[in-house]
Amino acid sequence: MKFDYDRLVEAPASTVWDALTDTAAIEPHLQGSAKVVSTGSNSFRISMKISLGFLRPTVNANVQLSNISIRRFTIELSGKSMGAEVLGKAEVILKVAGSESESTVVQLIGSVETSGMLKKVADSKIKAAAIGFLESYFASVERTCSRV
């Protein structure tokens, strides 16, 4: 399934960059008791519960960042839970918005593939869950910036 996401985040690009690439900066923005552990250079493992309609499985995902350049990188993830697997890959692009550079446009362009029990879940539900996760994540980044 193809996946495109755009959002204006009311936070400087440097803050958004850290929230997407720095393991210490990622964990506070994840819901619940999520854990993020560095597994090497530009790679980490996330363990967290996700919401897929009536299902709330714990997902363990390995994340790898590559092709890193100024305000741009590729993110790849592979996650497993309850006899299902999710594979995803996206180009992440950050663009400074406005003259004060206090806002950042985040763009993700990529794809998500599911297997196992997740094949029975409609793509629309998986997309809605992914968008809900991203919206919640970036709202947390914005709240943190507004407190500083």
Side-chain angles (χ1 to χ4, degrees), residues 1-32 34-53 55-81 84-116 118-119 121-146:
M1 153 182 70
K2 297 285 185 200
F3 186 80
D4 293 338
Y5 175 81
D6 286 282
R7 186 180 199 282
L8 177 65
V9 180
E10 298 298 333
S14 61
T15 300
V16 176
W17 180 266
D18 288 346
L20 292 170
T21 63
D22 179 355
T23 55
I26 293 169
E27 193 171 277
H29 303 296
L30 297 172
Q31 294 180 351
K35 297 291 178 210
V36 180
V37 178
S38 177
T39 56
S41 178
N42 299 315
S43 65
F44 47 93
R45 183 171 178 81
I46 297 175
S47 179
M48 66 180 288
K49 285 194 176 290
I50 61 167
S51 179
L52 288 171
L55 297 173
R56 291 199 38 83
T58 297
V59 174
N60 296 302
N62 293 310
V63 180
Q64 179 69 49
L65 308 180
S66 60
N67 303 320
I68 300 168
S69 62
I70 297 174
R71 295 192 191 106
R72 173 180 229 133
F73 61 92
T74 301
I75 186 168
E76 293 181 69
L77 70 88
S78 62
K80 293 183 179 183
S81 179
E85 186 172 9
V86 175
L87 299 172
K89 183 175 183 176
E91 185 72 20
V92 180
I93 303 162
L94 306 182
K95 298 175 185 172
V96 175
S99 60
E100 298 296 317
S101 70
E102 292 301 315
S103 299
T104 307
V105 175
V106 177
Q107 183 178 33
L108 284 89
I109 303 165
S111 62
V112 175
E113 298 297 324
T114 60
S115 65
L118 281 177
K119 274 293 198 198
V121 177
D123 284 352
S124 61
K125 288 200 183 292
I126 292 173
K127 247 184 209 184
I131 289 170
F133 167 79
L134 291 167
E135 289 294 313
S136 173
Y137 188 85
F138 289 120
S140 175
V141 172
E142 290 175 331
R143 283 190 302 275
T144 300
C145 283
S146 68

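Note: hydrogens, waters and symmetry copies are ignored here, and every other heavy atom, side chains too, is used. Note that the structure is a prediction, hence the values are computed from the model and not measured.
In this model, no donor atom of one side chain and acceptor atom of the other lie less than 3.5 Å apart for Thr114 and Glu85.
Screening residues 11-28 for salt bridge (charged side-chain N to carboxylate O under 4.0 Å, His left out) gives no qualifying pairs among residues at least two apart or on separate chains.
Under the side chain to side chain contact (heavy atoms under 4.5 Å, CB included) criterion, Leu8 pairs with Glu10, Ala97, Ser103, Val105, sequence neighbours left out. Ser38 is linked by a side chain to side chain donor-acceptor pair (under 3.5 Å) to nothing, counting only residues two or more places apart in sequence or in another chain. With sequence neighbours excluded, the residues forming a side chain to side chain contact (heavy atoms under 4.5 Å, CB included) with Thr39 are Ser43, Arg45, listed by chain and number. Scanning for side chain to side chain donor-acceptor pair (under 3.5 Å) contacts around Ser47 gives Asn60, with sequence neighbours left out. In this structure, Arg71 has no salt bridge (charged side-chain N to carboxylate O under 4.0 Å, His left out) partners at least two apart in sequence or on a different chain. By the ring pair (Phe, Tyr, Trp, His ring centres under 6.0 Å) test, Phe44 is found to be paired with no residue, residues two or more places apart in sequence or in another chain being considered. Residues meeting the side chain to side chain donor-acceptor pair (under 3.5 Å) test with Glu76, sequence neighbours left out: none. The side chain to side chain contact (heavy atoms under 4.5 Å, CB included) check on Pro28 picks up nothing, with sequence neighbours excluded. Every residue meeting the side chain to side chain donor-acceptor pair (under 3.5 Å) condition with Glu135, not counting sequence neighbours, appears here in chain and number order: Tyr5, Arg7. Every residue two or more places apart in sequence or in another chain that forms a side chain to side chain contact (heavy atoms under 4.5 Å, CB included) with Ala84 is listed here: Met117, Leu118.
Counting heavy atoms from C-beta on, the side chains of Leu65 and Val92 never come closer than 4.5 Å. Contact of the Leu77 side chain with the Asn62 side chain is not registered, since no non-hydrogen atoms from C-beta on lie closer than 4.5 Å.
Of all the heavy atoms in Trp17 and Ser69, the pair that sits closest is CH2-O, 3.5 Å. Scanning both residues, Thr74 and Lys89, for their nearest heavy atoms gives CG2-CE, 3.7 Å. Minimum interatomic distance between Ala19 and Ile26 (heavy atoms only, all atoms of both residues): O-CG1, 3.3 Å. Summarising the geometry of Thr104 relative to Pro12, their closest heavy-atom pair is OG1-C, 3.2 Å, with the distance given to 0.1 Å.
Side-chain atoms of Glu113 never come within 3.5 Å of backbone atoms of Gly88 as a donor-acceptor pair (strictly under, hydrogens ignored).
Residue Leu87 holds its CG atom at 6.5 Å from OG of Ser115, rounded to the nearest 0.5 Å.
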